[in-house]
Enquirer: 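Let me give you the structure first, and then I'll get to my questions.
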2 protein chains.
Amino acid sequence: MKHAHTHDLEHDLLAAAQWCAKRGEKLTDQRREVLALLLSAQGSMKAYDLLAEIQKQRPTAAPPTVYRALDFLVTAGLAHKLESKNAFVACCDFEHPHHGLMLICDRCHKVTELSDERLAARLAEDAASHGFSVAAQDIEVRGLCRNCRDGDTEGAA
Amino acid sequence: MKHAHTHDLEHDLLAAAQWCAKRGEKLTDQRREVLALLLSAQGSMKAYDLLAEIQKQRPTAAPPTVYRALDFLVTAGLAHKLESKNAFVACCDFEHPHHGLMLICDRCHKVTELSDERLAARLAEDAASHGFSVAAQDIEVRGLCRNCRDGDTEGAA
DNA sequence: GCCAAAGCTGTTACGTTATAACATTTAGCA
DNA sequence: TGCTAAATGTTATAACGTAACAGCTTTGGC
Ligand SMILES: [Zn+2]
Ligand SMILES: [Zn+2]
Ligand SMILES: [Zn+2]
Ligand SMILES: [Zn+2]
């Protein structure tokens with residue numbers, strides 16, 4: 001069983017800060033804190049769970065504290081919102097524009113983010129054939145990950 | 001500019017009732033009322049907007065009234081939930097199992113439901129290549145419909 | 001018809017998710 | 001320094017959704 005290494009986390013946070021700087025924005029403490037929580041999470045996290053974590057450090061934090069950070073991270077491409085769960089997840093590859101295909105395990109709640117340009121192209125084609133121009137596509141799929149399908153019991157809720 | 005005809009609506013409701021009966025379930029008055037509202041809507045409808053409509057007839061209706069009807073309709077395949085909007089839409093072809101691809105116009109809010117088996121297959125393939133078995137896929141895509149892209153001003157919010 | 005079981009509805013209360021609005025502080029810069 | 005824009009603090013409330021329990025209605029066996 002793996003766990004995230006602090007070194008990896010620091011590396012990711014540094015890359016994120018540089019990514020923000022390149023866009024003329026800043027990864028402030030609050031934003032970094034939320035991103036760190038998302039990066040460290042096994043799966044996705046809900047806004048109020050993030051808030052509870054933040055409040056361990058800053059007891060005065062309120063919903064806008066975390067929602068503002070989340071809005072920033074999502075807009076900057078550093079995180080994604082899982083609409084079907086009202087939850088958030090760190091982007092696995094924010095430096096390269098991609099069409100996220102989110103595989104969400106219903107059992108262990110882990111999220112795997114893929115990118116398939118041909119799938120995205122086919123989708124855009126279908127839409128275009130109906131006169132529809134696609135602006136944003138984030139495909140969310142529910143199911144079972146390999147571990148959970150194979151009868152693993154570690155990740156059960 | 002078209003509008004739904006009562007005749008079509010009655011036809012759809014009858015077909016829905018028969019569909020329920022075939023499943024050993026019933027399209028009760030409340031469920032039919034909610035479905036009728038969804039079928040008559042130009043785009044999707046939110047639960048509390050449906051509630052407000054229902055309350056014009058039954059002033060005592062409460063949130064569970066509409067959420068129960070919606071749960072039933074979604075489970076029966078008569079309606080879909082648009083996760084990215086927290087809204088609901090009538091299914092365009094509930095008698096045939098399909099993989100919904102929802103084109104949601106960000107401007108006029110109309111929803112077009114497609115089904116593309118090859119797209120669904122490709123998606124399942126991508127997932128399988130990561131050991132993930134897909135249980136449910138409802139793809140939601142935001143963008144602009146033909147009318148709105150062509151500069152139509154009628155549907156603006 | 002009577003009863004019991006199951007399903008549906010009424011009703012109250014509450015939990016969860018998200019934002020509006022305005023005050024204050026901080027950061028960047030002339 | 002003093003101006004401005006961005007970020008944060010703070011309070012309150014809007015929007016979305018469900019738990020729990022009581023009552024009613026339909027159905028099927030007797
Ligand atoms: Zn991503
Ligand atoms: Zn799993
Ligand atoms: Zn459908
Ligand atoms: Zn449109």
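Chain letters run A, B, ... following the sequence lines, proteins first, then strands; residues in each count from 1.
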Enquirer: Take B:Pro63 and A:Ala47, find for each the nucleotide of DNA chain C with the closest heavy atom, and name the residue whose nucleotide sits nearer the 5' end.
Expert: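 Nearest nucleotide further toward 5': that of B:Pro63.
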Enquirer: Would you mind reading off the distance between A:Asp71 atom CG and D:dA6 atom P, rounded to a whole angstrom?
Expert: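 Roughly 16 Å, once rounded to whole Å.
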Enquirer: For B:Asp106, what residues pass the side-chain hydrogen bond (donor to acceptor under 3.5 Å, both in side chains) criterion, not counting sequence neighbours?
Expert: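 Residues passing side-chain hydrogen bond (donor to acceptor under 3.5 Å, both in side chains) with B:Asp106: B:Arg142.
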Enquirer: Is there a side chain to side chain contact (heavy atoms under 4.5 Å, CB included) between B:Lys85 and B:Ile104 once you walk through the steps?
Expert: CA-CA 9 Å; B:Lys85 293 186 67 169; B:Ile104 306 169; 3.6 Å; yes
Enquirer: Checking side chain to side chain donor-acceptor pair (under 3.5 Å) for the pair A:Asp8/A:His11: CA distance, chi angles, key distance, verdict?
Expert: CA-CA 5 Å; A:Asp8 295 340; A:His11 173 269; over 6 Å; no
Enquirer: Below 3.5 Å between N/O atoms, which protein atoms pair up with nucleotides 7-10 of chain C? Just atom names and distances, please.
Expert:
from, atom 1, to, atom 2, distance (Å)
C:dC8, OP1, B:Arg31, NH1, 3.4
C:dC8, O5', B:Arg31, NH2, 3.3
C:dT9, OP1, B:Thr28, OG1, 2.9
C:dT9, O3', B:Gln30, NE2, 3.4
C:dG10, OP2, B:Gln30, NE2, 2.5
C:dG10, N7, B:Arg68, NH1, 2.9
C:dG10, O6, B:Arg68, NH2, 2.4

Enquirer: Nearest whole angstrom, please: distance from the P of C:dT11 to the CG of B:Leu51.
Expert: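 One finds 13 Å between P of C:dT11 and CG of B:Leu51, rounded.
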Enquirer: Could you check how far NZ of B:Lys85 sits from C1' of C:dT17, rounded to whole Å?
Expert: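 One finds 18 Å between C1' of C:dT17 and NZ of B:Lys85, rounded.
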Enquirer: Give me the atom names and distance for the closest heavy-atom approach of B:Leu35 to B:Ala16.
Expert: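 Closest approach of B:Leu35 to B:Ala16, heavy atoms only: CD2-CB, 3.5 Å.
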Enquirer: What verdict does the side chain to side chain contact (heavy atoms under 4.5 Å, CB included) test give for A:Glu140 and B:Glu83, after you've listed the backbone C-alpha separation in whole Å, the side-chain angles of each residue and the deciding distance to 0.1 Å?
Expert: CA-CA 10 Å; A:Glu140 297 179 23; B:Glu83 300 285 0; 5.7 Å; no
Enquirer: In whole angstrom, give the distance that lies between atom CD of A:Glu83 and atom C1' of C:dT17.
Expert: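 About 12 Å, once rounded to whole Å.
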Enquirer: Under 4.0 Å, counting only non-hydrogen atoms across every strand here, what does B:Lys81 touch: a base, just sugar-phosphate, or nothing?
Expert: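 Since only primed, P, OP1 and OP2 atoms lie under 4.0 Å of B:Lys81, the category is sugar-phosphate.
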Enquirer: Would you kindly give the CE-to-P distance between A:Met45 and C:dT17, to the nearest whole Å?
Expert: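 Nearest whole value for this atom pair: 12 Å.
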Enquirer: Report yes if a donor N or O on one partner sits less than 3.5 Å from an acceptor N or O on the other, where the partners are the side chain of B:Tyr67 and the base of D:dA19; otherwise report no.
Expert: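 A donor-acceptor contact between them is absent.
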Enquirer: Answer yes or no: side-chain N or O of A:Tyr48 and base N or O of C:dG15 forming a donor-acceptor pair under 3.5 Å.
Expert: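 Under the 3.5 Å cut-off, the side chain and the base do not form any donor-acceptor pair.
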Enquirer: Step by step, would you call A:His98 with A:Glu113 a side chain to side chain donor-acceptor pair (under 3.5 Å)?
Expert: CA-CA 10 Å; A:His98 56 275; A:Glu113 183 181 357; 2.7 Å; yes
Enquirer: Which side-chain hydrogen bond (donor to acceptor under 3.5 Å, both in side chains) pairs, counting each pair once, include a residue from residues 65-77 of chain A, with sequence neighbours left out?
Expert: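 Matches after skipping sequence neighbours: none remain.
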Enquirer: What integer distance in Å separates A:Leu73:CG from D:dA7:C1'?
Expert: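 Result: 14 Å.
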Enquirer: So, is A:Asn86 near the phosphate of C:dA18, with a side-chain N or O under 4.0 Å from OP1 or OP2?
Expert: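 So the side chain of A:Asn86 is within the cut-off, an N or O lying under 4.0 Å from OP1 or OP2 of C:dA18.
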Enquirer: Return no unless some side-chain N or O of B:Lys46 is found under 4.0 Å from OP1 or OP2 of D:dA15.
Expert: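 No.
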